[in-house]
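Here's the structure, in structure tokens; my notes come after.
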Amino acid sequence: MTGAALRSDAAPQRRQRALAGRDPFFTRMLWLAAALFTGCGYALLDFGINGGDDRLTEALLWAIVGLLSVIASNTGSSHRFLFSCAFWVTVDFLFYIVLKALAVFDEAPARPMQMALLSSLVFLLGYVAGQLLWPTQRLLHVTPSPKLPGSRGLYIWLVTSFFAFKALNILLLMAVGGGETALELAQTTQNAGASYLFKIPTLATASYFLVLLLAYKHRLYRRTATTLTLIVILEAVVGAARFTLVSTALIHLLLCHLYVRRVRMLYLVLLGPLLIFIVAFFGLVRDIQVGSLNVYSETLITLVEDRELIFKVFMGRMDMLPQMADGFELARLGRLKFEGGMSYVYAFLHAVPRNIWPDKPPLTAAYVTELVKPYAFADGVNVYSSAMLEAYMNLRWAGVFLIGTALAGLSRLYEQALLRGSLRAQALALMAFTFPMQLVNEGIHSNILGSLLYVAAIFGLWLLASRAVMGAAVAKRLARP
């Protein structure tokens, strides 16, 4: 490589470093954390002098938000913070813990709620410790990608895979009969081992992500990327797949942020109300009838006429904190069994069919839901119990701290794959978009971990098929950045 080429590659890096150096984000977050911890100290002082459970709850909330500020500051700059694992941890705890606690402040029993908040605080302390052990500031510094020449074989393989696996999904739905509501559809597609079959069509998503990466990083197949995006959005609208709609929009913003132009936090703040509306709107639709135009129009009219319902539905979906509080109350009463670390062993045995292992332990969320909300469990609903409650069930408070530290370490590995990995590593990372948010919510012994492991396995088989069908040249292109 010539000296001029080296200088041209180094120039954007110097500009990004200079931009990060001028970014006041780090200092502002630390000052915000200091102010929040001051508020926590004042609330604790008031609690010590005057008593009152409300003041202790307020102190815990101040401390949680203060630690979230520290977690954000550890990324170094707003550019590095946006869409990072620290960003998703912050979003998760702000909505599922802090905002939900404020919403049920006057309704929930104080002691169980404080235990749930304390577990969140200990988890975040562990996460901060993990950030200090495995810093990510340099890792998050994205360098420009080299120009990758186009390949007709690669293009044909990715597009063919996308449509083939989409067709397979339709055939599987026709075979099992589907269902009108999202719950009926989930019961049809996840029981009796069907969930493993319905994970195979997710390879269409992997193919789509590879096309997106080639479009954003290397300016290849951009029209095809646009077409596939429209197909994904249309399918999500028809199927009321709110997570797909939200994540698709955010993944485009992430790739734009990394490879085109910087996305500012203000853009996400302005986009927030639309995303909340999508979650509320399709959340209602999923409970009535999926794919019905009349239901869509009636739900839209209802939300327009009663705009407060949007917030109520949105907050109603965030039921993790009350579930945690109920779980800690059961633990206090001695009704929640002590796992002694076995949940983390069972997490990697999740793929063993129940007809082979009839006494296979239930998922953590299923076990807690059956105790706390037996009627919901009988209907096939599992409520998030959180990694914090699961860790407490296994190793008590030490477990809560250690799982926070462990997820911080896994976050660094995830960001290394997403930002520094090959095309195939980045596509797999995008399959776990918002990591570690879902693991925090569901726990380690959960469907999400089982799904991630299974999808990684079939993605590896698909890569082997790519080499066998299209030759080593196509496989090598996917192994490049």
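Start at 1 with the first residue, then count along the sequence. Source: prediction; values computed, not measured. Excluded from the calculations below are hydrogen atoms, water molecules and symmetry mates; all remaining heavy atoms, backbone and side chain alike, are included.
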What distance do [X] atom [atom1] and [Y] atom [atom2] have between them, rounded to the nearest 0.5 Å?
| X | Y | atom1 | atom2 | value |
| --- | --- | --- | --- | --- |
| Glu58 | Leu56 | CD | CG | 9.5 Å |
| Arg335 | Leu371 | CZ | CG | 6.5 Å |
| Leu125 | Leu67 | CG | CG | 5.0 Å |
| Leu389 | Leu336 | CG | CG | 6.0 Å |
| Leu212 | Gln426 | CG | CD | 11.5 Å |
| Leu478 | Leu213 | CG | CG | 10.5 Å |

Distance only, no hydrogens: is a donor on one side chain within 3.5 Å (strictly under) of an acceptor on the other, for [X] and [Y]?
| X | Y | answer |
| --- | --- | --- |
| Ser386 | Gln323 | no |
| Asn74 | Gln131 | yes |
| Arg28 | Ser73 | no |
| Tyr384 | Ser446 | no |

Would you call Lys166 and Glu235 a salt bridge, using N to O less than 4.0 angstrom?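 Salt bridge between Lys166 and Glu235, a charged N being under 4.0 Å from a carboxylate O: yes.
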Below 4.0 angstrom, N of the basic side chain to O of the carboxylate: do Glu415 and Arg412 qualify?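 Judged by the 4.0 Å cut-off on N to carboxylate O distance, Glu415 and Arg412 do not form a salt bridge.
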Parallel, tilted or perpendicular: which fits the ring planes of [X] and [Y], with parallel below 30° and perpendicular above 60°?
| X | Y | answer |
| --- | --- | --- |
| His445 | His350 | perpendicular |
| His257 | His79 | tilted |
| Trp88 | Phe433 | perpendicular |

Taking the side chain as every heavy atom from C-beta outward, state whether [X] and [Y] have any pair of such atoms under 4.5 Å apart.
| X | Y | result |
| --- | --- | --- |
| Leu168 | Leu203 | no |
| Cys85 | Tyr414 | yes |
| Leu274 | Leu271 | yes |
| Val89 | Pro436 | yes |
| Leu268 | Leu253 | yes |
| Gln438 | Asp92 | no |
| Trp134 | Ser411 | no |

Closest contact, heavy atoms only, [X] versus [Y]:
| X | Y | answer |
| --- | --- | --- |
| Ala63 | Cys40 | CB-SG, 3.8 Å |
| Leu117 | Ala101 | CD2-CB, 4.3 Å |
| Phe282 | Val237 | CE2-O, 3.7 Å |
| Leu452 | Ala432 | CD2-CB, 3.6 Å |
| Phe459 | Ala427 | CZ-CB, 4.4 Å |
| Thr364 | Glu390 | OG1-OE2, 2.6 Å |

More than 12 heavy atoms from other groups under 6.0 Å of [atom1] on [X]:
| X | atom1 | answer |
| --- | --- | --- |
| Arg111 | CZ | no |
| Phe95 | CZ | no |
| Lys337 | NZ | yes |

Ring pair (Phe, Tyr, Trp, His ring centres under 6.0 Å) partner of Phe87, the single match among Phe93, Phe25, Phe81: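 One option only clears the test, and that one is Phe81.
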Could you give all pairs that pass the side chain to side chain donor-acceptor pair (under 3.5 Å) test and reach residues 113-126, with sequence neighbours left out?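 Found Thr57-Gln114.
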[X]/[Y] aromatic ring centres below 6.0 Å:
| X | Y | value |
| --- | --- | --- |
| Trp397 | Tyr392 | yes |
| Phe314 | Phe277 | no |
| Tyr42 | Trp62 | no |
| Phe123 | Phe401 | no |

Please say whether the positively charged group of Lys100, taken as NZ for Lys or CZ for Arg, lies over the ring of Phe105, i.e. under 6.0 angstrom from the six-membered ring centre and within 45 degrees of the axis.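 Not satisfied by the 6.0 Å and 45° rule.
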Check: [X] side chain, [Y] main-chain N or O, donor-acceptor pair, under 3.5 Å:
| X | Y | answer |
| --- | --- | --- |
| Ser77 | Arg80 | yes |
| Lys360 | Val352 | yes |
| Asn394 | Ser343 | yes |

Side chain to side chain contact (heavy atoms under 4.5 Å, CB included) partners of Leu410, counting only residues at least two apart: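 Applying side chain to side chain contact (heavy atoms under 4.5 Å, CB included) to Leu410 gives Leu407, Leu413, Phe435.
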Of all residues at least two apart in sequence or in a different chain, which pass the side chain to side chain contact (heavy atoms under 4.5 Å, CB included) check with Ser451?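 Applying side chain to side chain contact (heavy atoms under 4.5 Å, CB included) to Ser451 gives Lys199.
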Does Ser78 form a side chain to side chain donor-acceptor pair (under 3.5 Å) with Arg264? I'd like the steps, not just the answer. CA-CA 8 Å; Ser78 58; Arg264 298 188 180 276; over 6 Å; no
